[in-house]
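Hydrogens, waters and symmetry mates play no part in the numbers below; they use all other heavy atoms, side chains included.
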Amino acid sequence: MSTHAPRTRIPHDPSAHPATGHPATGHPATGRPAVHRSKAVAGALAAACALVLAATGCADTTSAATSTAATGPAAPSDAHTSTASASAAPAVAEPTALADAKVNVGEGATVGVGMPISVTFPRPVPRSERAAVEHWLGVGTEPAVTGAWSWVKDRNLLDGQRVDYRPPAYWKPGTRVTLRVGSHAVRHFSIGRSLTATVDVRAHTMTVTEDGRPDTRIPVTAGRPGLDTWNGTMVVMDKQPKVYMDSRTVGLGDAYHGYYAWAVHTTTSGTYVHQNPNANTYAGRANVTHGCVGLATDGTAERFYRRVIPGDVIRVTGSKDTVEAGNGYGDWNLTWSQWLAHSATRHAGGGR
């Protein structure tokens, strides 16, 4: 319910990103365990080269290990793509931290256009090793996508325990992505249709846009004054049909406790878009929640819940205090230049 009070994280499965635990519930979320697979490919066809990160030299592959500056009009001047082989090991030694790395996207998953690749480590990676970690994290895409790694201070982790990868703008629907975690794992996933839900806290509405077409306008109630809903861009981390929320876990005393249905999770600090009986009276009229976005019990909340998937974008406008990059997946609140400024490879002169 509250978006501002800190909370100890409970991860929802051993392979998931730490931010996907339920900070306001005291209960772990459920999720499909990630499966690590590796694939050796020799003489791959050109059409499959971006999916396997093998020695194909195809032009539709992006890799942190072999990036060169892009010059085409579709890419910013400080963005990077690769046409070099992704199978050759980087010149630097493979960091031992990659052996215990965890990835936020499960094998074979389909996610929304806002989902960053997020890799976390059980211990902080020393600054002297971060460029090497970026070199050994290879990203291949079909079609070609520009992107970069950036070190993010996770709300519940120490500096150096999380590095994320994102393009300059949201992923293109239909993109197929392959992540290689050094010599330890390969992960394949796809980008689904584009869905963005924009919450206007002053108008008390949420507008859902799918594939560029606004098609639904939903009355909502957001955080009341003093407990304002986070402003800025968030990404759906996970969702549950029922979540137990306890205000004591976020420093709000006995303000609320109980189960809330159709809960779409958007920040580590405890922001959800969920069913709230108060929305039956106040949605479209006033903001009365403890920081979450409340939807009515007449089927509105369930319909929204069933429509969204992890990686979909939730934008909040007209509120206060922009959500930080490490509070869930707030990566999109940084400009591309700000994003590149936290790339260790770029600062080390390694081709970023």
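Legend: residues meeting salt bridge (charged side-chain N to carboxylate O under 4.0 Å, His left out) with Glu94, ordered by chain and number and at least two apart, are absent. Annotation: side chain to side chain donor-acceptor pair (under 3.5 Å) contacts of Asp159 (sequence neighbours excluded): Arg127, Arg130. Tyr170 is linked by a ring pair (Phe, Tyr, Trp, His ring centres under 6.0 Å) to Trp332, counting only residues two or more places apart in sequence or in another chain. Shown here are the side chain to side chain donor-acceptor pair (under 3.5 Å) partners of Thr207, two or more places apart in sequence or in another chain: there are none. Taking the salt bridge (charged side-chain N to carboxylate O under 4.0 Å, His left out) definition, one finds that Arg123 meets it with Asp100, sequence neighbours left out. Shown here are the side chain to side chain donor-acceptor pair (under 3.5 Å) partners of Thr196, two or more places apart in sequence or in another chain: there are none. Residues satisfying the side-chain contact (heavy atoms from CB on, under 4.5 Å) criterion with Val316, sequence neighbours excluded, are Val199, Val201, Thr229, Asn231, Met234, Ser319.
In terms of heavy atoms, Pro116 sits closest to Tyr329 at CG-CD2, 3.8 Å. Taking each heavy atom of Gln275 and Ala301 in turn, the nearest pair found is CB-CB, 3.5 Å.
A distance-only check finds no donor-acceptor pair linking the side chain of His135 to the backbone of Leu137 [under 3.5 Å]. Here the side chain of Asn287 pairs no donor or acceptor atom with the backbone of Thr221 at under 3.5 angstrom. In terms of modelled atom types and a separation under 3.5 Å, the side chain of Asn333 and the main chain of Gly330 share a donor-acceptor contact.
Contact annotation: the side chain of Tyr165 never approaches that of Leu179 to less than 4.5 Å [non-hydrogen atoms, C-beta and beyond]. Within the 4.5 Å cutoff, side-chain heavy atoms of Arg193 are placed close to those of Asp312. Between Val113 and Pro173, the closest side-chain pair of non-hydrogen atoms falls below 4.5 Å. Under the 4.5 Å side-chain criterion, counting only non-hydrogen atoms from C-beta, Val323 is in contact with Thr267. For the pair Ile218/Leu295, a side-chain contact is recorded, criterion being any heavy-atom separation below 4.5 Å from C-beta on.
No side-chain N or O of Trp230 forms a donor-acceptor pair with one of Glu324 less than 3.5 Å apart. There is no side-chain donor-acceptor pair under 3.5 Å between Asp200 and Thr205. Of the N and O atoms on the side chains of Ser269 and Asn327, at least one donor lies less than 3.5 Å from an acceptor on the other residue. Side chain to side chain, Glu107 and His188 meet the donor-acceptor criterion of an N or O pair below 3.5 Å.
Residues Val208 and Val308 share a hydrophobic cluster, clusters being chains of Ile/Leu/Val/Met/Phe/Trp/Tyr side chains in contact below 4.5 Å. Placement of Met237 and Ile309 in two distinct hydrophobic clusters is found when ILVMFWY residues are connected by side-chain heavy-atom separations under 4.5 Å, directly or transitively.
Interatomic distance, Glu129 CD to Leu98 CG, rounded to the nearest 0.5 Å: 9.5 Å. To the nearest 0.5 Å, the span separating CE on Met206 from CD1 on Ile314 amounts to 6.5 Å. A distance of 8.5 Å separates CG in Asp154 from CG in Asp164, rounded to the nearest 0.5 Å. Atom CH2 in Trp171 sits 14.0 Å away from atom OG in Ser194 (nearest 0.5 Å). A distance of 8.5 Å separates OG1 in Thr216 from CG in Leu195, rounded to the nearest 0.5 Å. Interatomic distance, His184 NE2 to Trp136 CH2, rounded to the nearest 0.5 Å: 8.5 Å.
Within 6.0 Å of the OH atom in Tyr282, the count of heavy atoms belonging to other residues, nucleotides or ligands does not exceed 12.
Note on residues 325-338: pairs passing salt bridge (Lys or Arg N to Asp or Glu O under 4.0 Å), not counting sequence neighbours, are Arg162-Asp331. A ring pair (Phe, Tyr, Trp, His ring centres under 6.0 Å) check over residues 194-214, counting only residues at least two apart or in different chains, returns nothing. Every pair passing ring pair (Phe, Tyr, Trp, His ring centres under 6.0 Å) that includes a residue from residues 291-318 is listed here, sequence neighbours excluded: Trp262-Tyr305. Among residues at least two apart or in separate chains, salt bridge (Lys or Arg N to Asp or Glu O under 4.0 Å) pairs with a member in residues 210-220 are Glu210-Arg307, Asp215-Arg307. Applying the salt bridge (Lys or Arg N to Asp or Glu O under 4.0 Å) test to pairs two or more places apart or on separate chains, those with a residue in residues 248-276 are Asp246-Arg248.
Classification of the Tyr272-His265 ring pair by plane angle, with boundaries at 30° and 60°, yields parallel.
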